[in-house]
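Everything quoted here is computed from the prediction, not taken from an experiment.
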Amino acid sequence: MESQVRGGTRWKRFAVVMVPSVAATACIGVALAQGALAASFSVSGQEFKVSAGKLVGHGMTQYGALDSGTSLSGEKQKHPVAVSAFNTAEITKLCQSVVTPIPGFGNVTLKLTAGDKGKDVRAEQLYIDTSVLDSSNAVFEDIDIGVPVGSANRGPKPKPEEGGSPFAFAQQAKTATLTDVHQTSWATTAATFTLTNLHMDLSLGKGEGIECY
């Protein structure tokens, strides 16, 4: 996801490109894989918030990595993340929000919602690069904690550009079910992402009642 401001204060000049995402699993003692690159693109200088009523993921692998990108001021950055990868996932009541500061105008929040009218959001080959995750309840079926990332075989394999040692820490599970999810992320990639009842809006300001949480 990338957000840039190119001057001016009119709403029509405010542009944000969003990739919908949601947290895929709780971070249970994940060690960072030194020198790894998680995302298959250079991440923007802004994290984004995501919430979900429920996520059910099938075929999970999770491991540590680093995302590379550039700050809003143009400085090179690396961000430690927990990469959660799923073969498939169903998400209920998905919300994603990002706040963009516009000089001389203030903060503008873009919020996206989907899967909130009886039909879930669905994703295939889903990778989420997360820095913070909270869930009121997380249930893992057939979980293995402490397997080498190169030997994990229940979820999608790490992408070639992620690098890192094949012997670094990872965990995997047959299924993961999370409820009341709140997360902060740097990036998401997916083979397909099907958003039902998609809605997007812009609001002046930020915080509770404007962002997802």
Heavy-atom side-chain contact between P101 and Q46 under 4.5 Å: yes
Check: T179 main-chain N/O paired with S135 side-chain donor or acceptor under 3.5 Å: yes
Side-chain heavy atoms of S131 within contact of H79, under 4.5 Å: no
Flag side-chain contact, heavy atom, 4.5 Å: V81 against T130: no
Would a 4.5 Å heavy-atom cut-off, applied to side chains only, mark N87 and Q125 as touching? yes
Sorted by first residue and then second, give each salt bridge (Lys or Arg N to Asp or Glu O under 4.0 Å) pair with at least one member in residues 53-63; sequence neighbours left out. none
Quick one: salt bridge (Lys or Arg N to Asp or Glu O under 4.0 Å) pairs with a partner in residues 87-98, sequence neighbours left out? E90-R122
With K49 via salt bridge (Lys or Arg N to Asp or Glu O under 4.0 Å) - residues at least two apart: E211
What residue pairs, at least two apart or across chains, pass salt bridge (Lys or Arg N to Asp or Glu O under 4.0 Å) with a residue in residues 195-205? none
For F167 versus P148, what's the shortest heavy-atom pair and its separation? CA-CB, 4.0 Å
A side-chain contact here means heavy atoms from C-beta on lying under 4.5 Å apart; do S84 and M60 qualify? no
Side chains of V99 and I210: does their closest heavy-atom pair fall under 4.5 Å? no
Please confirm whether the backbone N or O of V108 pairs with a side-chain atom of T100, one donor and one acceptor, at under 3.5 Å? no
Sequence neighbours left out, what passes salt bridge (Lys or Arg N to Asp or Glu O under 4.0 Å) with K119? Give chain and number order. none
Using only atom types and a distance under 3.5 Å, with no angle test, would you say the side chain of T109 pairs donor to acceptor with the backbone of G205? yes
Taking atom types as modelled and ignoring hydrogens, do the side chains of T92 and D120 form a donor-acceptor contact shorter than 3.5 angstrom? yes
Heavy-atom closest contact (S97 atom, C212 atom, distance): OG-N, 3.2 Å
N137 side chain reached by D180 side chain, heavy atoms, under 4.5 Å: no
Looking at F169 and Y63, what are the two nearest heavy atoms and their distance? O-CB, 3.7 Å
I'd like to check the ring pair (Phe, Tyr, Trp, His ring centres under 6.0 Å) partners of Y213; sequence neighbours left out, ordered by chain and number. H182
Please report the closest heavy-atom contact between L204 and N107, naming both atoms and the distance. CD1-O, 3.4 Å
dist I145:CD1 -> Q62:CD (nearest 0.5 Å) comes out at 9.5 Å
Do you know which two heavy atoms are closest between A114 and L198, and how far apart they sit? CB-CA, 4.2 Å
Assess whether side chain to side chain contact (heavy atoms under 4.5 Å, CB included) is satisfied between D144 and Q171, documenting all intermediate values. CA-CA 5 Å; D144 300 323; Q171 60 184 17; over 6 Å; no
Taking the side chain as C-beta and beyond, is there a heavy-atom pair between V132 and E47 under 4.5 Å? no
Heavy-atom closest contact (W186 atom, S44 atom, distance): CZ3-O, 3.5 Å
Could you state the interatomic distance from OG1 (T175) to CD1 (I143), rounded to the nearest 0.5 Å? 9.5 Å
List the steps and the verdict of side chain to side chain contact (heavy atoms under 4.5 Å, CB included) for I91 and F193. CA-CA 11 Å; I91 306 158; F193 216 122; 4.3 Å; yes
Derivation of the side chain to side chain contact (heavy atoms under 4.5 Å, CB included) call for C95 and K111: CA-CA 7 Å; C95 177; K111 184 165 72 173; 3.6 Å; yes
